[in-house]
Amino acid sequence: MNSKIKSLAFKVTLVIGFALLSCSGNTKFAAYQCPMNCQIDTAYTSEGKCPVCEMDLKGVENTDTSKIKILKNK
């Protein structure tokens with residue numbers, strides 16, 4: 001009985017550990033935009049600097065491509 005509880009506890013610990021590791025924050029975003037909205041109608045395909053204010057571009061999860069243009073970073 002005691003070994004069954006230990007086995008179950010070990011399995012639960014593994015599942016929780018894998019779940020936490022999968023939420024590590026390595027999110028790939030569809031587009032990146034300036035946080036200061038210098039180019040509110042423009043987004044970029046990868047991280048980089050805003051060509052207007054030089055701030056780091058921030059990832060955006062939902063992008064309406066009918067309202068903005070997405071450019072490749074240089």
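Sorted by first then second residue, the salt bridge (Lys or Arg N to Asp or Glu O under 4.0 Å) pairs that include residues 33-49, not counting sequence neighbours, are Lys49-Asp56.
Considering every non-hydrogen atom in both Val60 and Tyr32, the closest pair reads CG2-N, 4.4 Å. Here the closest heavy-atom approach between residue Ile40 and residue Gln33 is recorded as O-NE2, 3.7 Å.
Membership of the apolar cluster around Met55 extends to Met36, as traced through chained side-chain contacts below 4.5 Å between ILVMFWY residues.
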Begin from the C-alpha positions of Val52 and Cys34 and carry the test side-chain contact (heavy atoms from CB on, under 4.5 Å) through to its verdict.
CA-CA 9 Å; Val52 177; Cys34 178; over 6 Å; no
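Every side chain to side chain contact (heavy atoms under 4.5 Å, CB included) that Thr42 has, sequence neighbours left out, goes to Gln39, Tyr44, Lys69, Leu71. Not counting sequence neighbours, the partners of Lys58 by the side chain to side chain contact (heavy atoms under 4.5 Å, CB included) test are Pro35.
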